[in-house]
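Below, chain A is the first sequence line, B the second, and so on; all start at residue 1. Keep in mind it's a predicted model, so treat the numbers as computed, not measured.
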There are 2 protein chains.
Amino acid sequence: MKAATVYDVAAHAGVSIATVSRVLRRPDDVRASTRQRVLASVLALGYVPSASARGLAARRTGVLGLYFSSVDDEDEQSEAIFVQDTSVEIVVDVPDSREVRPPNLYFDEVLRGSEREAWRHGFALMVGVGRDANPADMVNDIAGRVDGMAVLAGSVPDDILDHVSRRIPVVLIAGPRRGDHHDHVSVSNLEGMRALTTHLLSRHGLTDLVYVGGPADSPDDAERYQGFVEAVEAAGLDPAALPVLRGEFSRVRARGVAETMLATGRVPRALVCGNDQMALGMLDVLIPAGVRVPEDVIVTGFDGIEAGRLSRPRLTTVHQPMVELGRAAMRAMLSRIEHPDQPPITARLPVKVLLRESSEGPAHPSPARP
Amino acid sequence: MKAATVYDVAAHAGVSIATVSRVLRRPDDVRASTRQRVLASVLALGYVPSASARGLAARRTGVLGLYFSSVDDEDEQSEAIFVQDTSVEIVVDVPDSREVRPPNLYFDEVLRGSEREAWRHGFALMVGVGRDANPADMVNDIAGRVDGMAVLAGSVPDDILDHVSRRIPVVLIAGPRRGDHHDHVSVSNLEGMRALTTHLLSRHGLTDLVYVGGPADSPDDAERYQGFVEAVEAAGLDPAALPVLRGEFSRVRARGVAETMLATGRVPRALVCGNDQMALGMLDVLIPAGVRVPEDVIVTGFDGIEAGRLSRPRLTTVHQPMVELGRAAMRAMLSRIEHPDQPPITARLPVKVLLRESSEGPAHPSPARP
DNA sequence: TTGAAAGCGCTAACAC
DNA sequence: GTGTTAGCGCTTTCAA
C-alpha cells in the first residue's frame, strides 16, 4: 500500500506536479477543466498530501501545540489489543468517599477552547500532557512539530522554554507574568478572590475566615491568596492573624483537613478555598457531620466547575473562563506568528463571582421534596 | 529569528550533518566526546529538529490522530487578544434549569486515554473535533499529518474513510462493526444494557418499562436498545408493547419528555435511559414533582459519568471504560502500523453495571442530615 | 495558464 | 566512528 504522491496524481491527470499543487492550494489559478481533471485523479488514486513535505517546503507546519502537565498518574491499564470481553460485571455501587479520579477539568476546558480556535484559523492542534518530572523531551518534540505552542505556566523550566522559543513563539497560560520573554494569557485570579472575600467580609460581616490553599508552588493559588489578603486588609483586619490550611487543590486532601478541623473543634465562620475541588471536599465532611452550610460555616471555591453547581448546597465560587483561556492563548500565538515583532501580549480575562447557597443560603423556597 | 538547522549545528560543532542526526537518533553510535560537543552546540544554537523534514525523510510522522464530531456549537466568543479586563462581576447565581453546556465528557475521556497511550509509545497526538456537516477537509488534513488515525464511528462518511485509509490505517471507535475495512474498538453496549434490564426484570419483578432512547442514527443507542429488547424477550415479554421515548441523548430534551409524561399521567414503573444525561434530565423533573425514585419510578442511565455519582438519588447505570477505549484505539493503530497485514482487529471492552440508589433505594442508613 | 527546477531539513545507506 | 550523498514530497519562483 504505497501512498500516492503529487507525481502520481500529475501523471494520472497528465499535468505537472506544480499544477497539482496549485489545484490544492490556489484552485483559482488553474483553468476549471484542468482542475476537474486533477481532482478526479486525486479521488481515483486516494491521494492525501503529505503534511511533512508541505511543511518542509512551505516552512510552516500549520499546527499549533498545547502542553500541560498533570499529576494524575492513573494506574497502568492492560496492554491487550484483541480484547473480546463482553462480560458484564454487576456491582452494588455504594457511596464512596474515595476520589474516583481528579477530574482534569481545567485541562479539558482549555483544550476545548484551544482546539476550537486553532481549527477555526486553519491550524491543527497537537496536545501533550507531561506526567513525569522531565518535560524537556516532550516539549522539544512538540516544538519541532508546530508553528507555535501554548504552555501551562510552571509546567516547564525556564531554560527549556527559552530554548524552544528560539524556534517558535511560546505563549504562557495562567500564572503570574514572569519576565518579558513570552506572551501571556491569564485570568483575574487576584481580583476575583478579592471581590469574593470582600463580599463575605462586608455583606456577611465576617471576621473569622480561614483560607484553604493549594500547592505552595502554585502561582494561581498565590494570586488568589493575595486577593484574599488584600480584601482582609481593606477591611481593617490583619491577614496574618487568619489561619491558612493546605489542601493541595485536592478534594481528598481537603477532606482530611476538614476532619482534622472538626476533631480539634476549631471551626471558623467561613472556609475560603483556593479551588472548587477543595471546597467540595469540605462539604463532603461537614454536611454529613451535621455542620450547617452556610448557617454554621460558609464554604466558597474557585474555578466554577460543573460539580460545584450540582453539589448540595451549591457552591459559591469565582468562575474563570477556561475555554476562553484556551482560545485567547491560540489567538495570541497566531498574532505573534503573523507579527513576530509586536510587543509582548498580555491578556487578562475577567472572572465572575457566583453567589450560591454555600454562602448565601437557600435562594428560593426549594421545590424539592424534603 | 531564523531557526537553527542540522547544518548550523554541524558547522558549530565541527562535524557532519550525519553525525548531528546520529547524536539525536542513536547516540550510542557516536563517540562520547563527539556527542558532548554536538549536544553543546545544540544548546548553544537553540536547535530544535524540524519534524517536517524528519517526517519526510523517515517516511513517518510520529503522530497519531484522533477525530471526533460534536454538536456543541458554542456561541462565538470575542476576537480580542489584548484583553486587560480585571473587572469582576458579582452575580447571585440561582439554580437554573438550563443546560449550561452539554459536557462533552465522552470525548474528554477518550482523548485522555488516547493522549496517554500515544505518548507512552513515543507518538504525539493530534486532535480534531468536527462541528459542521462537512468533515472531509478536516479528516483529510489530519490524515496527511499522521501515521494513523482513530475516528468516532459515524462521524465520517464511508467514502472519506476509504479515501484516507488508502494512505494510513484508520481505527473506528465505538458503534457497531461495519464491514471489514477498518480496525474497530468498542464497548459491550448490548450486553451491558441487557444485564441491567434483566436485573430490573428479574430482581425487581418489573414488567412496566419504558426505554428512553438517543438519536435515531446513534449506533451506540441502537445497540443498547437491542440489549434492552433481548432482556425483555428473555423475560417472556413483548418488547413491541413497551413504549420508546426519544431524548436525543440530551438532558434538556429528557426533561421535556419527563414533563410530557407527567402531564399525561402515563408514568411507568421504570425509565431505562440510553445515557446518563437523559436519566439525569428525568430526575431533574421527577424529584421536584414529588415522584419518588426508586419507590415510584426506577431511573437508570448508561455511561457512568461523574454527574450520575453526584446526583440525588445517585444514578444506577452501566459504566463504560471511556479512557480505556481511547487507549485501545491507539494500541490497535500502532499494532496495525507495525503489522500492516495482520487480520482486522476488533476489540470489545467490558462494561460494568453499577447499581445505585435510583434503582435500589437507600444503600445504607444515610449519615447525612435530613 | 502551465511547466521546469531549485530547494526545504532531515534520514539512511554506503563509503571511508 | 564519521562523512558523503541521494532522496523524501511538496511549494514556489521564474520562464514559457
Visitor: What is the separation between atom CG on B:Leu45 and atom P on C:dG9, rounded to the nearest whole Å?
Guide: 14 Å

Visitor: Between the base of C:dC10 and the side chain of B:Tyr7, is one N or O donor paired with an acceptor at under 3.5 angstrom?
Guide: yes

Visitor: Any side-chain heavy atom of B:Ser70 sitting closer than 4.5 Å to one from B:Phe107?
Guide: no

Visitor: Given atom CG of A:Asp147 and atom C1' of C:dG9, what is their separation to the nearest angstrom?
Guide: 15 Å

Visitor: Does a nitrogen or oxygen in the side chain of B:Ser21 sit under 4.0 Å from OP1 or OP2 of C:dT11?
Guide: yes

Visitor: Is B:Arg166 salt-bridged to B:Asp162, going by a charged N under 4.0 Å from an acidic O?
Guide: no

Visitor: What's the separation between atom CG in A:Asp183 and atom CZ in A:Arg336, rounded to the nearest 0.5 Å?
Guide: 4.0 Å

Visitor: Between B:Ala58 and A:Arg37, which is nearer to the 5' end of DNA chain C once each is assigned its nearest nucleotide?
Guide: A:Arg37

Visitor: If you measure from the Lys or Arg side-chain nitrogens to the Asp or Glu carboxylate oxygens, is any gap between B:Asp108 and A:Arg112 under 4.0 Å?
Guide: yes

Visitor: Figure out the CZ/P separation between B:Arg25 and C:dC10, and round it to whole Å.
Guide: 9 Å

Visitor: Can you tell me if the side-chain N/O atoms of A:Thr5 get under 4.0 Å from OP1 or OP2 in D:dG9?
Guide: no

Visitor: In whole angstroms, how far is the P atom of D:dT11 from the CG atom of B:Leu56?
Guide: 11 Å

Visitor: What's the spacing between A:Asp137 CG and A:Ile142 CD1 if we round to 0.5 Å?
Guide: 11.0 Å

Visitor: Taking CG from B:Asp29 and P from C:dC14, how many angstroms apart are they, rounded to a whole number?
Guide: 16 Å

Visitor: Could you check how far CZ of B:Arg59 sits from C1' of D:dG9, rounded to whole Å?
Guide: 10 Å

Visitor: Is A:Arg22 touching bases, backbone alone, or none of the nucleic acid, heavy atoms closer than 4.0 Å?
Guide: base

Visitor: Side-chain N or O of B:Thr19 less than 4.0 angstrom from OP1 or OP2 on D:dG3?
Guide: yes

Visitor: May I ask you to say what B:Ser52 touches in the nucleic acid, namely base, sugar-phosphate or nothing, with a heavy-atom cut-off under 4.0 Å?
Guide: nothing

Visitor: Would you classify A:Val15 as touching base, sugar-phosphate or nothing, given that sugar-phosphate means primed atoms plus P, OP1 and OP2, and contacts are heavy atoms under 4.0 Å?
Guide: sugar-phosphate

Visitor: Should A:Ser50 be listed as having a side-chain N or O under 4.0 Å from OP1 or OP2 of D:dG9?
Guide: no

Visitor: What integer distance in Å separates B:Ile17:CD1 from D:dC8:C1'?
Guide: 14 Å

Visitor: For D:dT11, does either OP1 or OP2 sit under 4.0 Å from a side-chain N or O belonging to A:Arg54?
Guide: yes

Visitor: Grab the CZ-P distance between A:Arg60 and C:dC8 for me, whole Å please.
Guide: 18 Å

Visitor: Considering just the side-chain nitrogens and oxygens of B:Lys2, establish if one lies under 4.0 Å of OP1 or OP2 belonging to C:dG9.
Guide: yes

Visitor: Measure from the side-chain heavy atoms of A:Ala57 and tell me the nearest of D:dG1, C:dG9, C:dC8.
Guide: C:dC8

